[in-house]
> 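My questions will all concern the structure given below.
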Number of protein chains: 2
Amino acid sequence: MRLSQGYWQTLKETPNDAEVVSQQLMIRAGLIYKTGAGLYTLQPMAFKTYKKIENIVREELDKINCFEVLMPVITPAELWQESGRWDAMGGQMLKMKDRAERELCVSPTNEETVTDLFRRTVNSYKQLPVCLYHINTKFRDEIRPRFGLMRAREFIMKDGYSFHNDKDSLDKFYEEIYGAYENIFRRMGLEFIAVEADGGNMAAGGAKTHEFQVVADNGEDYVVTIPRTKFAANIEKAITVRKNIASAPAAELTKFATPNQKTCEEVCAAHGMPITQSLKSLVMHSVINGKDQFFMVMLLGDDSLNEVKFKNKVNAEHIRPAQQAELDRLGLVKGFMGPGTTAEGFKVIYDEAIDMNASYVVGANEPEHHMKGFVPARDTKPKHFRADMRLAKEGDYIGDDQIVLKKGIEVGHIFQLGDKYTKAMKVTVLNEQGKGVTPLMGCYGIGMTRVMAAAIEQNNDKDGIIWPASIAPYDVYLCFIGKTPETKALAEELNSSIKKAGLETLFDDRQLGPGQMFKDADLIGLPLRVTLGERDYLATGEIEVKIRKTGETLKVKKDDLVPTIKKKLEELGRWA
Amino acid sequence: MRLSQGYWQTLKETPNDAEVVSQQLMIRAGLIYKTGAGLYTLQPMAFKTYKKIENIVREELDKINCFEVLMPVITPAELWQESGRWDAMGGQMLKMKDRAERELCVSPTNEETVTDLFRRTVNSYKQLPVCLYHINTKFRDEIRPRFGLMRAREFIMKDGYSFHNDKDSLDKFYEEIYGAYENIFRRMGLEFIAVEADGGNMAAGGAKTHEFQVVADNGEDYVVTIPRTKFAANIEKAITVRKNIASAPAAELTKFATPNQKTCEEVCAAHGMPITQSLKSLVMHSVINGKDQFFMVMLLGDDSLNEVKFKNKVNAEHIRPAQQAELDRLGLVKGFMGPGTTAEGFKVIYDEAIDMNASYVVGANEPEHHMKGFVPARDTKPKHFRADMRLAKEGDYIGDDQIVLKKGIEVGHIFQLGDKYTKAMKVTVLNEQGKGVTPLMGCYGIGMTRVMAAAIEQNNDKDGIIWPASIAPYDVYLCFIGKTPETKALAEELNSSIKKAGLETLFDDRQLGPGQMFKDADLIGLPLRVTLGERDYLATGEIEVKIRKTGETLKVKKDDLVPTIKKKLEELGRWA
C-alpha cells in the first residue's frame with residue numbers, strides 16, 4: 001500500500017476505554033474500529049493479518065484431509081431444541097424471530113448444524129472418518145464484552161467437527177489434529193502451551209480435551225506447568241500438592257473471642273498463628289440430579305476453592321456459593337462458620353491438604369468467636385469426607401517437581417465429544433454388518449480474531465506492535481528521507497524491486513518527517529523497516545534495514561537490499 | 001480430492017422442492033444443503049468455487065485501489081435510526097434484542113456501518129477518494145425464500161462504498177468500478193449485460209446506477225437490449241415506443257352490452273375489434289407526501305403498467321392497486337371502469353402510446369357495459385395528463401431500432417448514492433479552505449453466493465453443470481477403468497503429474513463402473529474429464545480427455561496429457 005493514496009489512520013493517544021495492551025495498540029495503530037458494544041470492524045491491515053491467519057489454518061487442516069464447508073450464521077431453533085441446548089445455552093445465545101414467527105439464533109457454535117448436515121449426507125461406516133470445518137462469524141452475548149477482539153461478542157471462529165466409527169479412530173484423529181494445531185500456532189510465530197483441560201459438561205468423563213494457550217501477561221487463564229517435563233494443564237484440571245506445612249499437634253478444643261475477625265488472615269494475624277494452621281469454611285449450594293444440596297468445603301486458610309473440581313466431585317449440574325438466607329436456615333453464622341456445628345442439611349468436604357489429626361482454628365458458629373485446637377477427625381459434627389478441592393498455586397508440587405504458573409490466552413480448544421450430539425440427534429451410520437450404529441464426534445475450535453489480539457498481547461513493546469513475520473500485514477515498512485526527485489525516484493525503484501520479489505510493502509510516500517514515519521513504523525510493527533536517507537545514500541550508497549523485533553540495524557548497498565530483506569524475513573519465520 | 005477418502009454425495013433424483021435448474025443441480029451434485037428455510041450450507045466443492053469467485057472479485061477491486069475491511073454482521077439499531085432506515089427497511093430486516101435489551105439487527109447491507117466508520121477515521125479532503133469494501137454475510141428476511149442460493153435469506157455479498165469530494169470524483173470512480181465489474185464477470189466466464197437501472201429511493205434523481213445481469217432463461221428480471229448498439233436497460237428504466245398501430249378515427253360515443261367481458265381481451269374478442277383499439281383502466285392507490293391519492297392509469301389494451309415509472313412520475317412513497325372498498329368509494333365498477341365517469345377523487349394518466357384523438361373501447365362504469373367511440377381528449381371527465389407509463393415489450397422501438405428482451409439474474413449493482421447517507425449521518429470532511437463539507441458516496445454490490453447459482457443457470461445441460469473453467473471447483477475429473485495394479489499405479493501417476501502442474505483434480509478412485517463415474521463427472525461438470533481405460537491404454541497407449549462444454553474428446557499419449565490439459569483449460573478461460 002502506498003500511504004499517499006492509502007487508508008490508514010493512527011492515533012497519538014491511547015483510548016480511555018481500552019483496558020489491555022492489544023486493544024490499545026490495535027486502536028492506536030488503526031487496526032480495529034468499535035462499531036458497537038463488542039462489535040468490531042477490522043480495518044484493512046487487520047484484515048490482511050486475518051487472511052494470513054486463515055491461510056495457515058486452512059493449509060494445516062487441508063493437510064490432514066479436513067473438508068471446508070460454510071454453514072449459515074443464522075440457524076433455526078429446531079436444531080438446538082433437538083440437542084437440548086436451545087435453553088441450556090442461556091443468555092449468551094442471541095435469539096430472534098423471523099417475520100413468520102419462527103425462532104432463530106445467531107450461532108455461537110455449530111455442533112447441531114454440522115450434525116444435521118452429517119446425518120443427511122453420510123450413511124455408511126465406509127465414509128468415515130470425516131472432518132468438516134468452517135471459518136465463520138459467531139456471536140456470544142457476553143455480559144461484559146471487553147478487551148477488544150479478545151472478548152468481543154461477534155468474532156470469527158474456525159470450528160471443525162469429526163465423525164468416527166469408534167474410539168480408536170477418534171483417538172487417532174485427535175492426535176492428528178493436535179499436531180495440526182501445534183503447526184498452526186508455531187507457524188504463526190506464537191509461544192503457546194497445549195494444556196490438558198477440563199471437559200465440563202461437553203462430553204462424557206475421560207474424554208480428552210486440550211486448550212491451546214498463548215502465553216501472555218494479560219491472559220485470563222492460569223496454566224500449571226513443569227518446565228522440566230513440559231507438562232501443562234489448565235489450573236482447573238491440575239492436581240498438585242503442597243509440601244512442608246508444619247501442622248500443630250492435636251490440642252484441647254477452646255473457644256476464643258475474635259471480634260471483627262472474619263477471615264483466616266484476620267484471625268491468624270490478630271493471634272499470631274501461621275495461616276496454614278487455620279481452616280476456611282466455604283458453603284456451596286449445588287444442584288445434583290435436579291435436587292438442591294449444600295456442602296461445606298474446608299480448605300487451609302491460604303488456599304482457594306477449585307470450583308470445577310468441586311462440581312465434578314459432587315457431580316452437580318450447577319453450583320454457587322450459598323446465600324445469606326440459606327446460611328441462616330442451616331444455622332451458620334457468616335464469617336464465623338465451622339464444621340463443629342451439630343446443624344444438619346449439609347455435608348463437609350475436607351481438602352486433602354488438611355491433616356485430619358492436627359489442630360486448626362475454625363469458626364465457632366457464634367458471632368465474633370472462633371475455636372482453636374479443632375481436630376477435624378475428632379471434632380467434625382456433620383457427615384464428612386476428603387477430596388482434592390484446592391486451586392493449584394505457585395510453590396505446589398506434582399511429584400518431585402515444583403510447578404510454575406503461567407498466564408495464557410485460550411486461542412484453540414480440541415475436544416472429544418463422544419456421542420453427546422449424535423445420540424441426542426439420533427444419528428446412525430450403517431456398520432459392516434448393515435446395522436445402524438451411533439458415530440462418535442470430536443470438535444476443534446480456533447478463535448481466529450482472538451488469536452490476532454493474542455499475538456499482539458505476546459509481541460509488543462512500549463513503541464507498538466511487533467508482528468510475527470508470518471502474520472504481519474505487510475513485510476516491509478519502506479520510507480525515505482529527502483525531497484529531491486532523485487531520492488523519490490530511487491524510493492519508487494526500491495518499492496518496485498521489493499514487490500517484484502513477491503513481498504509486500506507499506507510504502508510511506510507521505511513526505512513526513514522521519515520522527516513521524518518512524519513512530520508509525522514502530523506502532524504498526526512490521527518485521528522490517530527500510531529507510532532510504534538522502535544524505536546517507538549520497539555519502540555511502542547505503543540503505544538502512546531495521547529489524548523491529550531486535551532493534552538491530554543493517555546498512556546495505558542497493559543491490560543487496562532485496563536479498564537482505566529476504567534473508568532477514570526468512571530468519572524471522574516469514575515462511576514458517 | 002481423492003474420492004475414496006473424500007466427502008461427496010450426489011443424488012439420483014431431483015428433489016421435489018427445487019424449482020429452478022441451478023437449485024436442482026446444486027442439490028443433486030452435493031454442492032449445497034438446506035439447513036433451514038432460506039439458509040444454506042455450502043458443501044466443500046461449492047465452497048471451493050466460492051473461494052475462486054472471491055479471489056477474482058478481490059483481485060479486480062484491489063487493482064483499482066479499494067481497501068478490504070470486515071464490518072460486523074450484527075449491527076446496532078442506533079446507526080440505522082440515524083439514517084432513518086430502522087423502520088424503513090420493513091420486514092426484511094431481522095431484528096433482535098440482546099441481553100441488555102439493546103436493539104440489534106443482522107445487517108442486510110452496510111451503508112450505515114461504513115458511513116459511521118468513515119466519519120470516525122477520515123477528516124480531510126486529502127484522504128479522498130477512498131473506497132472500502134467487505135465480503136460478508138447478509139440476511140434479508142424474504143417472505144418466500146426460494147430458488148436455492150438465488151433467493152436465500154442468508155447470503156454473502158461483496159459490498160463496497162466509495163467517498164468523494166465532488167461529483168467529478170464520484171463519476172470518475174464510477175467508471176473505474178464499472179470496468180472492474182466487467183472484468184470480474186468476464187473472468188468468471190459469464191455472459192452478462194450491464195444495464196441502466198432505476199435508482200428507486202436510494203439516491204437523488206439523475207444519479208447513475210447500473211445492474212449487472214447474467215443472461216439466463218430463469219432470470220427474474222427483463223432487460224431491454226438493442227443488439228446493434230449494445231444498449232441495455234432494465235425494463236423498468238427503458239423508454240421505448242410502439243410503432244405502426246392503426247388507430248380508429250373519432251366516432252360517436254355509444255354504450256354497448258359486454259356481459260361477463262371484463263378484460264380488453266374479452267371485449268375485443270367478443271366484438272371483433274383489434275386489441276389496440278381498446279384501453280385498460282388501472283386504478284392505483286399512492287401515498288404522496290404522506291397523503292393518499294388515487295390515479296386511473298390508461299394503457300392500450302395489450303400494454304402493462306410499469307409501476308416504477310408510475311411511482312417516479314407521481315413522486316410517491318408507496319403505490320399499490322386500489323382495493324375493492326376504495327373503488328366503491330370512487331364510484332368505479334371493477335371490470336367495467338373507464339375515464340368517462342364524472343366521479344371525483346382521482347386523476348387520469350394517459351400513456352403516451354394512446355392517440356388522444358382516436359376512438360377506443362373503454363369501460364362504461366356500469367356493470368356489464370362498455371363504451372365505444374371513446375375519444376380521450378373529448379370524453380375524459382376527471383383531470384388528466386399524459387406520461388410514459390407502459391412496460392417495454394418485444395417489438396418496441398428505441399429510435400429506429402427494434403428492441404430485444406432478455407431475461408437476466410442480477411448479480412451486481414453499482415450506484416451513485418450522492419449525499420443521502422453522509423447528510424443524514426452528518427458526515428463532513430474539511431475542504432481545502434478548512435471548511436466542513438459533505439462528501440458524496442457510491443455503493444457497489446455483488447451477490448457472491450448468487451453469482452454461483454447464476455453461473456449454473458447459464459451453463460448446464462440435461463446431464464448436469466458445465467462450470468466456467470475459472471470458477472470450477474476442480475480442473476479435472478480423473479477416473480480410470482480397470483482393476484489391475486498397473487492401471488491403478490498409472491492412474492496415481494497421472495494424478496500426481498496433473499497436480500504437480502499446479503492443477504486440481506477430483507480423483508475418482510472409488511473403483512465404480514464407468515457409467516456411474518461418467519454420470520457423476522457430467523453432473524459436477526468440471527471443465528475436463530480424463531479417463532484412463534485399461535484396454536484402450538494397453539492397445540493404443542492413449543488416454544481420453546473429454547471437454548465437458550463441447551463434448552469433444554481427444555486421445556493423447558501419456559506425455560502429452562498435462563500439456564493438453566493445460567492448453568484446453570487455457571482455451572476454456574481457466575486463467576481469465
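Chain letters run A, B, ... following the sequence lines, proteins first, then strands; residues in each count from 1. Bear in mind that the values here come from a model prediction, so they are computed numbers and not experimental data.
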> Is it the side chain or the backbone of A:Thr121 that comes within 4.5 Å of chain B heavy atoms, both, or neither?
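Contact with chain B involves both backbone and side-chain atoms of A:Thr121.
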> Heavy-atom distance under 4.5 Å to chain A: side chain of B:Tyr40, backbone, both or neither?
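Backbone only.
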> Taking side chain as everything from C-beta outward and backbone as N, CA, C, O, which of these in A:Asn136 sits under 4.5 Å from a heavy atom of chain B? Side chain, backbone, both or neither.
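Only the side chain of A:Asn136 comes within 4.5 Å of chain B.
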> Which bit of A:Ile143 comes within less than 4.5 Å of chain B, counting heavy atoms only: side chain, backbone, both or neither?
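A:Ile143 touches chain B through backbone and side-chain heavy atoms alike.
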> Between B:Phe507 and B:Tyr474, is the gap from one ring center to the other below 6.0 Å?
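Ring-ring flag for B:Phe507/B:Tyr474: false, centres at least 6.0 Å apart.
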> Quick one: of B:Arg120, B:Met71, B:Gln9, who has the most non-hydrogen atom pairs under 4.5 Å with chain A?
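Looking at each option in turn, the highest pair count goes to B:Gln9.
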> Which bit of A:Leu79 is near chain B, if near means a heavy-atom gap under 4.5 Å: side chain, backbone, both or neither?
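A:Leu79 touches chain B through side-chain heavy atoms alone.
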> Considering only NZ, NE, NH1 and NH2 on the basic side and carboxylate oxygens on the acidic side, decide whether A:Asp116 and B:Lys34 come within less than 4.0 Å.
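Result for this pair is no, no salt bridge flagged.
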> Pick one of side chain, backbone, both or neither for A:Thr137, based on which atoms fall under 4.5 Å of a heavy atom in chain B.
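Side chain of A:Thr137 only, per the 4.5 Å heavy-atom cut-off to chain B.
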> Flag the pair A:Glu504 and A:Lys51 as a salt bridge only when some basic side-chain nitrogen lies within less than 4.0 angstrom of an acidic carboxylate oxygen.
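Salt bridge between A:Glu504 and A:Lys51, a charged N being under 4.0 Å from a carboxylate O: no.
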> Does B:Asp159 come within less than 4.0 Å of B:Lys138, counting only side-chain N to carboxylate O?
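So B:Asp159 pairs with B:Lys138 through a salt bridge.
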> Restricting to ring pair (Phe, Tyr, Trp, His ring centres under 6.0 Å), what partner residues turn up for A:Phe163, sequence neighbours left out?
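A:Phe163: ring pair (Phe, Tyr, Trp, His ring centres under 6.0 Å) contacts with A:Phe118.
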> If you count heavy-atom pairs within less than 4.5 Å of chain A, which of B:Ala100, B:Pro76, B:Ala152 leads?
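Most pairs with chain A among the choices: B:Pro76.
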> Under a 3.5 Å threshold, yes or no: a donor from one side chain and an acceptor from the other, between B:Thr35 and B:Thr41?
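Side-chain D/A pair, B:Thr35 to B:Thr41: present.
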> Sequence neighbours excluded and cut-off under 3.5 Å, please list the side-chain donor-acceptor pairs for residues 62-69 of chain B, or say none.
| from | atom 1 | to | atom 2 | distance (Å) |
| --- | --- | --- | --- | --- |
| B:Asp62 | OD1 | B:Tyr133 | OH | 3.0 |
| B:Lys63 | NZ | B:Glu60 | OE2 | 2.8 |
| B:Asn65 | ND2 | A:Gln5 | O | 3.1 |
| B:Glu68 | OE1 | B:Arg58 | NE | 2.7 |
| B:Glu68 | OE1 | B:Tyr133 | OH | 3.2 |
| B:Glu68 | OE2 | B:Arg58 | NE | 3.3 |
| B:Glu68 | OE2 | B:Arg58 | NH2 | 2.9 |

> Below 4.5 Å from any heavy atom of chain B, which atoms of A:Val73 appear? Answer side chain, backbone, both or neither.
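Contact with chain B is through both the backbone and side chain of A:Val73.
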> Given a strict heavy-atom distance threshold of 4.5 Å, which part of A:Leu104 is in contact with chain B: side chain, backbone, both, or neither?
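Answer is side chain: those atoms of A:Leu104 sit under 4.5 Å from chain B.
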> Heavy atoms only, distances under 4.5 angstrom: which of B:Ala46, B:Gly36, B:Pro72 has the most pairs with chain A? Name it, please.
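Top option by heavy-atom pairs under 4.5 Å: B:Pro72.
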> Could you check A:Gln92, A:Lys95, A:Arg153 and say which one makes a side-chain hydrogen bond (donor to acceptor under 3.5 Å, both in side chains) with A:Asp141?
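Checked A:Gln92, A:Lys95, A:Arg153 against A:Asp141; only one passes side-chain hydrogen bond (donor to acceptor under 3.5 Å, both in side chains): A:Arg153.
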> Counting only non-hydrogen atoms closer than 4.5 Å, does B:Leu94 touch chain A with its backbone (N, CA, C, O), its side chain (CB onward), both, or neither?
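It is the side chain, since no backbone atom gets that close.
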> Do you know which of B:Asp98, B:Val130, B:Val122 has the most heavy-atom pairs under 4.5 Å to chain A?
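So the answer, after comparing B:Asp98, B:Val130, B:Val122, is B:Asp98.
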> Side chain, backbone, both or neither: which part of A:Leu117 has a non-hydrogen atom closer than 4.5 Å to chain B?
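Contact with chain B involves both backbone and side-chain atoms of A:Leu117.
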> Salt bridge check: are A:Glu112 and A:Arg85 linked by an N-O gap of less than 4.0 Å?
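The answer is yes: the pair qualifies as a salt bridge.
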> Could you tell me whether B:Glu54 and B:Lys158 have a side-chain N and a carboxylate O separated by less than 4.0 Å?
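No, this pair does not count.
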> With a 4.5 angstrom heavy-atom cut-off, could you sort out which part of A:Ala37 is near chain B: side chain, backbone, both or neither?
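Just its side chain gets close to chain B.
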> For A:Met45, is it the side chain, the backbone, both or neither that has a heavy atom under 4.5 Å from a heavy atom of chain B?
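Neither part; nothing is under 4.5 Å.
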> With no hydrogens and no angle check, just 3.5 Å: does a side-chain donor-acceptor pair link A:Thr449 and A:Tyr50?
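Per modelled atom types, A:Thr449 and A:Tyr50 side chains form no pair under 3.5 Å.
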> Let me know if A:Arg102 has heavy atoms under 4.5 Å from chain B in its side chain, its backbone, both or neither.
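Side chain only.
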> Top residue by heavy-atom pair count (under 4.5 Å) with chain A, among B:Ile156, B:Leu132, B:Val106?
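Ranked by contacts with chain A, first place is B:Leu132.
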